[in-house]
Amino acid sequence: MTSFVFDLRRRDLLAGGAALAGLVAAGVPTAAQAQATTAMPQLDTAEADRLAAAFTGGAEVLAEGLALDLPALGDNPAAVPVRVHVTEPITEASWCEEMIVIADLNPQPFACRFRFTAETGSADVAVRVRLIQTMPIRAYARMNDGRVLAARHDITVAAGGCGL
Amino acid sequence: MARPPRIWISNETPSLGEIVRVRAQMVHVMESGFRIDAAGQTIPEDILTGFTASLGDAVLLEWSPETAISQNPYIEFTFAARQPGTLRMVWTDAGGVVAEAEKEIAVG
């Protein structure tokens, strides 16, 4: 019986050690590493609102013509797929000049900017973002005639380990 | 410049005006500037700051990533094949060009 208990502990130690070594080798952050960050989420959407206002420049914002595609659940907050595309036809006369993506509650809510030209002939982009917590995401697009299109989407993300 | 970017193109011989989709992923640490190392020091920010795609002389897309963009940045975009030429993609960070890729696009 004594030897059985001994074996059990020895096996636990071996298994635990191997699993830990595997995690470290794979670069998976342990609990201690995951906390080693000064990144804090925004307490409200004030900064996001300010960024949006700077982009729209007072123009009327149309909640149409722009699609923002996100998964319902961001199971990996370090890489959440985001697709933004203008749904109206892009022609040589009507095209999208600029697009931005804002992650409202991230430490730095401004996620990225896209610029297109008349030669692009399309306005459809996808990237992967890291999110510090569950939050609204929004996108704005400015067309060459000055119209500003907007779309927003709430996303729930799994907690922790976002890599910020 | 450790590894070349991985590129996927929906069609390298599109017909005139066809929408071509491009997916590209490159290797970059995307250090956010928020993290603290074991000695308690803040790890300096080191992120990809620019990506440009052009077809011949025509700029198709300029992308300006910030800290919210994931490690090993992935970018997907589309363009209309209005002329043949070299699709050229350049990735830059604060230290200059970190990756480049080219694909010939034949419009038929």
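Lettering of chains follows the sequences in order, A, B, ..., and the numbering in each one begins at 1.
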(message) For the interface with chain B, which of T117(A), V80(A), V125(A), D124(A) has the highest count of heavy-atom pairs at distances below 4.5 Å?
(response)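 Top option by heavy-atom pairs under 4.5 Å: D124(A).
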(request) For chain B, find which of A126(A), A39(A), P81(A), A118(A) contributes the most heavy-atom pairs closer than 4.5 angstrom. (result)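 Sorted descending by pairs with chain B, the first entry is A126(A).
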(request) Can you tell which part of Q83(B) gets under 4.5 Å to a heavy atom of chain A, answering side chain, backbone, both or neither? (result)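 Neither the backbone nor the side chain of Q83(B) comes within 4.5 Å of chain A.
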(message) Is R21(B) in contact with chain A via its backbone, its side chain, both, or neither, using a 4.5 Å heavy-atom distance?
(response)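 Contact with chain A is through the side chain of R21(B) alone.
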(request) Sort out for me which of F77(B), Y74(B), F51(B) touches chain A most, counting heavy-atom pairs under 4.5 Å. (result)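 If we count pairs closer than 4.5 Å to chain A, Y74(B) comes out on top.
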(message) If you count heavy-atom pairs within less than 4.5 Å of chain A, which of A58(B), A81(B), A68(B) leads?
(response)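 Looking at each of A58(B), A81(B), A68(B) in turn, A68(B) comes out on top.
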(request) Search all heavy atoms of R82(B) against all heavy atoms of G121(A) and return the closest pair with its distance. (result)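 R82(B) and G121(A) have their closest heavy atoms at NH2-CA, 3.5 Å.
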I need the contact set between [range] and chain B: heavy-atom distance under 4.5 Å, sorted by residue number.
range: residues 84-102 of chain A; answer: T91(A), E92(A)
range: residues 58-66 of chain A; answer: none
range: residues 103-116 of chain A; answer: N106(A), P107(A), Q108(A), F110(A), A111(A), C112(A), R113(A), F114(A), R115(A), F116(A)

(request) List the steps, then state whether side chain to side chain contact (heavy atoms under 4.5 Å, CB included) holds for I69(B) with V129(A). (result) CA-CA 4 Å; I69(B) 298 303; V129(A) 298; 3.9 Å; yes
(request) Could you list all the side-chain hydrogen bond (donor to acceptor under 3.5 Å, both in side chains) pairs where at least one residue sits in residues 39-64 of chain B, not counting sequence neighbours? (result)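 Pairs touching residues 39-64 of chain B that pass the test: none.
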(message) Is it the case that the side chain of R130(A) and the backbone of T67(B) share a donor-acceptor pair, with hydrogens and angles ignored and the cut-off at 3.5 Å?
(response)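 Side chain of R130(A) to backbone of T67(B), a donor-acceptor pair under 3.5 Å: yes, one is there.
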(message) Looking at R128(A), is its backbone amide N or carbonyl O close enough to the side chain of S70(B) to form a donor-acceptor pair, meaning the two atoms are under 3.5 Å apart?
(response)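 Checked: pair present.
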(message) What I'd like to find out is whether the side chain of T38(A) reaches to under 4.5 Å of the side chain of I36(B), using heavy atoms alone.
(response)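 Yes. Closest side-chain heavy atoms under 4.5 Å.
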(message) Check this for me: R23(B), atom CZ, are more than 12 non-hydrogen atoms of other residues, nucleotides or ligands nearer than 6.0 Å?
(response)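 More than 12 heavy atoms, drawn from other residues, nucleotides or ligands, come within 6.0 Å of this atom.
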(message) Checking L61(B) against T120(A) for the side chain to side chain contact (heavy atoms under 4.5 Å, CB included) test, could you report, in this order, the C-alpha distance in whole Å, the side-chain angles of both residues, the deciding distance, and whether it holds?
(response) CA-CA 7 Å; L61(B) 170 68; T120(A) 313; 5.6 Å; no
Hydrophobic cluster membership, [X] vs [Y], 4.5 Å side-chain cutoff:
X: I47(B); Y: V82(A); result: yes
X: F34(B); Y: V29(B); result: no
X: Y140(A); Y: L68(A); result: no
X: F79(B); Y: I9(B); result: yes
X: V20(B); Y: V107(B); result: yes

